[in-house]
Asker: 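This is the structure, below, for whatever I ask next.
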Amino acid sequence: MRDLVGKLVTSALEALQEEGVIPSEAALTIQIERPRDKKHGDFSANAAMVMARHARMNPRKLAQMILDKIPEDSAVERWEIAGPGFLNATLAGDARAAVIGKILKERERFGLSTIGGGKRVQVEFVSANPTGPMHVGHGRGAVIGDAIARLLAATGHAVEKEYYINDAGVQVGVLGRSVLFRYRALFGDTVTIPEGGYPGEYVIDVAKALQERDGDRWLETARSDQAPPEEVVDFAIATVMAMIRSDLDALEIRFDSWFSERTLHSDGKIAAVLERLAAKDLLYEGVLEPPKGKKTDDWEQRPQTLFRSSQFGDETDRPLKKSDGAFTYFAADIAYHHDKAERGFERLIDVWGADHGGYIKRVKAALEALTGRKDILDVSLVQMVNLSRGGTPVRMSKRAGTFVTLREVVDEVGSDAVRFLFLTRSGNAMLDFDLDLAVSRSNDNPVYYVQYAHARVCSVQRQMEEKGLSATVGEDLDRLVEPAENSLIQLLSKYPEVIDNAALSGEPHRLPYYLLDLASAFHTYYNGHRVLEEDGALRNARYSLVEAVRQVINNGLTVLGVSAPERM
RNA sequence: GUCCCCGUAGCUCAGUCGGAUAGAGCAACGGAUUCCUAAUCCGUAGGUCGGAGGUUCGAAUCCUCUCGGGGACGCCA
């Protein structure tokens, strides 16, 4: 419909161009929008205001000339000039109601689009270190990343979800050491967790699992205080990753692939990528300036292998090797992102915590240097979650082992509510998450509001059967004449645009807000109008409408990974 | 010192590519159920869109400056 309106206005403008009213070189960049106010019709074109300058006449006068040239079309009931020169189109009733028939025909396919054109896109998210269970902040990134992936899939992209496992740094060694301490304790040794070790309870679980599998095989090693053997570290990583997978599973999040940082080292991919950079003369041995604004007491100037990322928009050049000669995390990250590009993805999306925002420029710089493509990577930053309980902040410290895990929250609140609450907020705003509020199954919880709308329609369905009534969907839609019905129809017709916009902008929160709007319009309607009317034609019309609402809510919730219950 | 995010009603937040009289939920107050689920609805009240300039037909939205809050800034991840 929107396209049709645009086409009509454009053809009018072209006619005026031929007549010389509008200079032929002027670009016809008009916008068709949906007016906020119902009085302004179904669609609104700003053509006259945009073109007024080119035509050198006042917008209202030009609007009249455009209006005179707009071709007749049965779908548009009338055109009006309003405000500073808007051209407002009001659709004919049947053209507007046609969306109901479309929804009831396409069912779960309604709203899916092909704007992605089958483009291969990879979404990398979560990528939490395999050193402990996920916390609430990870959960937010996980849910948002998953929703972005689902939105892209719904809009015709070939999406792959990937988890990058940081299994190569010193922190996994710390994990191994921590496990061995707990392991010793299981055999009666009195131990204290060393400075910098992981104190969490889960470490005990890992140690127990190790004991169960290997008995006392590692006891001597553990007591000897030497570096944890690779086999123990591997076991610890695998066990923790199993926890993480289980946490993700509880949130309905499934990945297509899991990428191990270690393989970058073992396959020589990091060394290879450094060679490529060296071949482009983008590496050198140099010394960095001390960072500003941070205490620099222990700063030592050391020559390091640096990447000339400042040539690609970064603030400074970045080190690729530590002072001991080992690769930096950044070096591995370059190799990883290069590998993604090599795998043939046309677009890469990373979802990171906001505290990693400083890395965007350097990773983009590296990708541009290696692939020559500036825009292949988009990074979505997800801001922090501030946990509170009954209004008082919950202090969390991984070091002290006092943190609320994601799993605890999901187990208490449920996947639906957690997902919806996380998604009903822009990712780049901080999120205050009150455990008491989320845990209480109160009516304040927006997810229930939307789900209830769905359940209510299902209830109408059941009532209809019980009463021995029937309705033919898609029939007698001309009986939908009430203002509340028009509002609903208009909202329904917006759904495909909401999906496309949310997907293209990478902002999933638009969808929950839309669903809340739709549910609200439905509840208003439901309170004031009976669906199961005696009048069969009216019943057909109204049942078709609410069934279309149910279908769209179902489709939207599915994209969000939230269930649509039939009764509550 | 530099970079990123945020600032909109008492609170929590939406606000599409710059569009018409800036919206919702919660909280407050007053109402609605002989009738398909009251996990709902209706009404009242609530605003210097942090501030100042600028761009233009038109700015919460874009640009510059500024104030406030958060985050980041060598070898960690």
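All chains are named by letter (A, B, ...) in the order of the sequence lines, taking the proteins before the strands, and each is independently numbered beginning at 1.
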Asker: Looking at C42(B), I'd like to know if its phosphate oxygens (OP1 or OP2) sit under 4.0 Å from a side-chain N or O belonging to H523(A).
Answerer: no
Asker: Below 3.5 Å, does any donor atom in the side chain of E315(A) face an acceptor in the base of C3(B), or the other way round?
Answerer: no
Asker: Between the base of A14(B) and the ring of Y513(A) - centre-to-centre under 5.5 Å, planes within under 30° - is that a stack?
Answerer: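 The base of A14(B) is not stacked with Y513(A) (the test needs centres under 5.5 Å and planes under 30°).
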Asker: Please tell me if Y449(A) has a side-chain N or O lying less than 4.0 Å from either OP1 or OP2 of A38(B).
Answerer: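 No, because none of the side-chain N or O atoms of Y449(A) sits under 4.0 Å from OP1 or OP2 of A38(B).
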Asker: Can you find a side-chain donor-acceptor pair between R550(A) and H454(A) that sits under 3.5 Å?
Answerer: yes
Asker: Taking only side-chain N and O atoms of R456(A), does any of them lie within less than 4.0 angstrom of OP1 or OP2 on A38(B)?
Answerer: yes
Asker: Which one is paired to G47(B), where only Watson-Crick or G-U wobble pairs with both distances under 3.5 angstrom count?
Answerer: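 The answer is none; no pair meets the criterion.
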Asker: Taking pairing as Watson-Crick or G-U wobble with both contacts under 3.5 Å, can you name the mate of G1(B), or confirm there isn't one?
Answerer: C73(B)
Asker: Going by distance alone, is a donor N or O of one side chain under 3.5 Å from an acceptor N or O of the other, for E485(A) and Y525(A)?
Answerer: yes
Asker: If you compare every side-chain N and O of S44(A) against the phosphate oxygens of G19(B) (OP1, OP2), does one of them come in below 4.0 Å?
Answerer: no
Asker: Ignoring hydrogens and angles, state whether a donor on the side chain of T305(A) or E285(A) is under 3.5 Å from an acceptor on the partner side chain.
Answerer: yes
Asker: Under a 3.5 Å limit for both distances, which nucleotide forms a Watson-Crick or G-U wobble pair with C41(B), could you say?
Answerer: G31(B)
Asker: Look at the side-chain N and O atoms of K322(A) and state whether any lies under 4.0 Å from the OP1 or OP2 oxygen of C76(B).
Answerer: yes
Asker: Do T155(A) and D500(A) pair up side chain to side chain, a donor and an acceptor below 3.5 Å, judged on atom types alone?
Answerer: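 Short answer, no.
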Asker: Measure from the side chain of R530(A), starting at C-beta and using heavy atoms only, and say which of C36(B), C42(B), G74(B) lies closest.
Answerer: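 Nearest to the side chain of R530(A) among the choices is C36(B).
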Asker: Does the ring of H40(A) meet both stacking tests against the six-membered base ring of A20(B): centre distance under 5.5 Å and plane angle under 30°?
Answerer: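 Yes, H40(A) stacks on the base of A20(B).
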Asker: Ignoring hydrogens and angles, are the base of A20(B) and the side chain of N88(A) linked by a donor-acceptor pair under 3.5 Å?
Answerer: yes
